[in-house]
Amino acid sequence: MSVEPTIAKTTSDFIRTAVREDLASGRFTYVRTRFPPEPNGYLHIGHAKAMAVDFEIAREFGGTCNLRFDDTNPTKEEQEYVDAIIEDVRWLGYRWHELRFASDYFEQLYEYAVKLIKKGKAYVCDLSPEEIREYRGTLTQPGRESPWRNRSVEENLDLFARMRAGEFPEGSRTLRAKIDMASGNINMRDPVMYRIIYASHHRTGTKWCIYPTYDFAHGQSDSIEGITHSLCSLEYEDHRPLYEWFLRELEIFAPRQIEFARLNLSYTVLSKRKLLQLVKEGHVRGWDDPRMPTLRGLRRRGYTPSAIRDFCARIGVAKADSVVDIAMLEHSLRDELNKSAPRVMAVLRPLRVVIENYPAEQTELLEAINNPEDPAAGVRHVPFGRVLYIEQDDFMENPPPKFYRLAPGREVRLRYGYFIKCVGVVKDAAGNVVELRCTYDPATRGGSAPDGRKVKATIHWVSAAHALPIEARLYDHLFTRPDPDNVAEGESFLDYLNPKSLEVVQGFAEPSVAGSPVGKHYQFERLGYFVVDPDTTPEQLVFNRAVGLKDGWAKASAQG
Ligand code: ATP
Ligand code: MG
């Protein structure tokens with residue numbers, strides 16, 4: 001059965017235009033892409049962008065996308081990463097056509113290398129890695145030919161077989177493509193195809209002691225899988241001539257490589273090497289620390305797969321590198337949670353309030369709206385009593401002119417409750433206000449006064465007798481500068497770690513949140529969107545603030 005490609009109508013960009021042209025011209029009759037992570041770390045938001053490009057384009061054109069592990073360097077790769085990547089791709093909601101590993105092709109790649117040797121297009125080189133670098137030349141100077149470049153085909157075949165057999169020490173020999181040491185493109189100056197590495201591979205064990213380089217493995221793996229469009233980030237642009245050279249010399253199916261700009265996000269780093277350093281050196285608690293831009297970190301922070309996909313769709317693909325404002329990522333999450341997250345009341349920095357004229361033994365239930373954006377979410381009943389907690393911030397003993405919340409002698413509205421008026425304060429020995437004495441007006445139940453008098457502020461609260469103790473973890477940017485990747489020479493991105501990126505507070509929430517499962521979202525009214533953290537115990541709920549209520553992105557884009 002043949003499936004007609006369904007041409008995407010909604011999105012258009014230079015990649016989709018190219019794919020459409022390739023189908024129209026008959027260069028390809030179907031579309032197949034791949035997402036090719038190296039299992040040397042956890043996926044981050046940059047990979048989500050790559051997945052959005054690979055999986056969405058395949059889907060839009062009625063094609064398929066493979067998940068292929070680019071596992072050609074056993075010294076850096078681990079099964080742990082393979083497992084985590086599979087889980088993260090699934091979590092993000094992408095379904096691959098086939099799960100492949102470049103290591104599945106080691107035998108075939110070896111055969112391809114032999115073919116190039118036989119054609120006189122590859123040779124065994126005895127230069128050391130340092131010498132190879134030295135012979136390579138620079139951007140302004142041509143390279144020099146290796147003294148081993150003109151070995152006979154027979155000698156090359158013999159030496160390559162013996163490299164595979166483990167006869168030579170690590171680093172003593174390589175297999176190189178014979179192209180052009182004077183090429184303006186350094187990648188074409190007899191690039192290394194195979195190196196000797198005595199390391200156990202997470203899948204092939206010690207079967208191999210020679211491993212193909214990225215350049216020799218990638219295009220051929222694409223070809224074997226029948227990939228039509230090999231979409232990758234911009235740093236591979238200069239590798240494209242080499243990608244095409246191998247396929248041409250091997251005379252095998254040639255996919256088309258197209259490059260797009262990497263995602264850079266302000267106030268964070270998106271390099272697995274740097275993220276690994278943050279973890280290894282203990283600057284964060286792990287790969288899933290809610291401050292990390294890894295998919296695990298974002299998930300724990302409270303990001304949903306749909307919010308991340310929405311963000312990727314908004315940023316789109318471009319040919320030129322740029323930095324995306326992290327506020328735009330936050331905007332995608334806030335937008336979604338605004339519609340879906342139930343509202344509750346919680347107090348993060350509690351100040352005790354005693355309502356003097358409210359009967360000591362009395363409690364009552366006040367009706368509260370679960371989600372004003374979603375009438376179907378209904379209402380709940382929040383207990384109210386004589387002793388409450390409010391935010392310390394919502395009271396000032398000597399308020400400046402524009403502070404309208406609680407102050408001595410001032411009346412405010414309690415959300416879903418009554419008007420209360422501050423009639424006195426209790427201080428500790430150091431002079432800090434530790435308790436407010438208030439009165440309430442029973443006639444204002446539900447939030448308005450029959451005599452029409454107004455208050456200028458509404459504050460949230462939790463009944464002390466019913467309050468659930470909670471821990472709340474409040475996050476700020478991981479770095480203090482928007483471009484931690486661009487530090488001056490002699491500096492490190494670590495010099496700009498934000499010492500205030502995490503603040504932990506002990507507060508109280510209304511009882512309706514009791515027993516919430518890990519991953520459950522709420523809007524804490526006036527405080528932001530929170531999610532239940534896996535550190536939660538039967539004794540205490542732990543929440544992460546996923547994102548605040550103020551939209552820095554919408555504001556900035558409206559002004560701009
Ligand atoms: P890192 O530098 O973080 O290790 P990488 O490119 O080495 O990244 P891979 O596992 O090789 O990581 O990447 C898999 C795919 O994801 C590649 O196609 C790569 O181009 C793409 N990718 C990686 N980082 C980004 C990013 N920041 N933006 C867009 N695509 C990315
Ligand atoms: Mg890589």
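Side-chain atoms are counted along with the backbone in the values below, which use heavy atoms only and exclude waters and symmetry mates. The structure presented is a predicted model; accordingly, all values stated were derived computationally and were not measured. All ligand and atom numbering here is 1-based and tracks the order in the structure.
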Looking at R59 and E56, is there a salt bridge between them, counting it only when a charged N and a carboxylate O are closer than 4.0 Å? yes

Restricting to heavy atoms, the pick from H47, H218, M51, E259 nearest atom 13 (O) of ligand 1 would be H47

For P37, the ligand 1 atoms with a heavy-atom partner under 4.0 Å come out as 10 (O), 14 (C)

Does any N or O atom in S233 lie less than 3.5 angstrom from one in ligand 1, N or O only?
yes

Check: of R262, K49, E235, min heavy-atom distance to atom 8 (O) of ligand 1 comes from R262

Would you say Y236 has any N or O atom under 3.5 Å from an N or O of ligand 1, going by distance alone?
no

For F35, the atoms of ligand 1 under 4.0 Å from one of its heavy atoms are 15 (C), 16 (O)

Contact check, side chains of R291 and L502, non-hydrogen atoms, under 4.5 Å: yes

Numbered in order shown, the ligand 1 atoms found under 4.0 Å of a heavy atom of L270 are 3 (O)

Among L263, I85, L234, D70, closest by heavy atom to atom 28 (N) of ligand 1 is L263

If we number the atoms of ligand 1 from 1 as shown, the ones under 4.0 Å from a heavy atom of A50 are 16 (O), 21 (C), 30 (N)

Residues pairing under ring pair (Phe, Tyr, Trp, His ring centres under 6.0 Å) where one sits in residues 303-330, two or more places apart or in two chains, turn out to be none

For K272, the atoms of ligand 1 under 4.0 Å from one of its heavy atoms are 1 (P), 3 (O), 4 (O), 8 (O), 9 (P), 10 (O), 12 (O)

Checklist line | Test item, H44 contacting ligand 1 (heavy atom, 4.0 angstrom) | finding: yes

Within 45 degrees of the ring normal and closer than 6.0 Å to the centroid, is that where the cationic atom of K274 sits relative to F493? yes

Side chains of L265 and I45: does their closest heavy-atom pair fall under 4.5 Å? yes

Under a 4.5 Å cut-off applied to non-hydrogen side-chain atoms, are K319 and F14 in contact?
yes

The atoms of ligand 1 lying under 4.0 Å from a heavy atom of P36, numbered in the order shown, are 14 (C), 18 (O)

If we number the atoms of ligand 1 from 1 as shown, the ones under 4.0 Å from a heavy atom of S271 are 3 (O)

Test: R176 cationic atom under 6.0 Å from Y123 six-membered ring centre, within 45° of axis
no

Across all chains, not counting sequence neighbours, the ring pair (Phe, Tyr, Trp, His ring centres under 6.0 Å) partners of Y475 are none

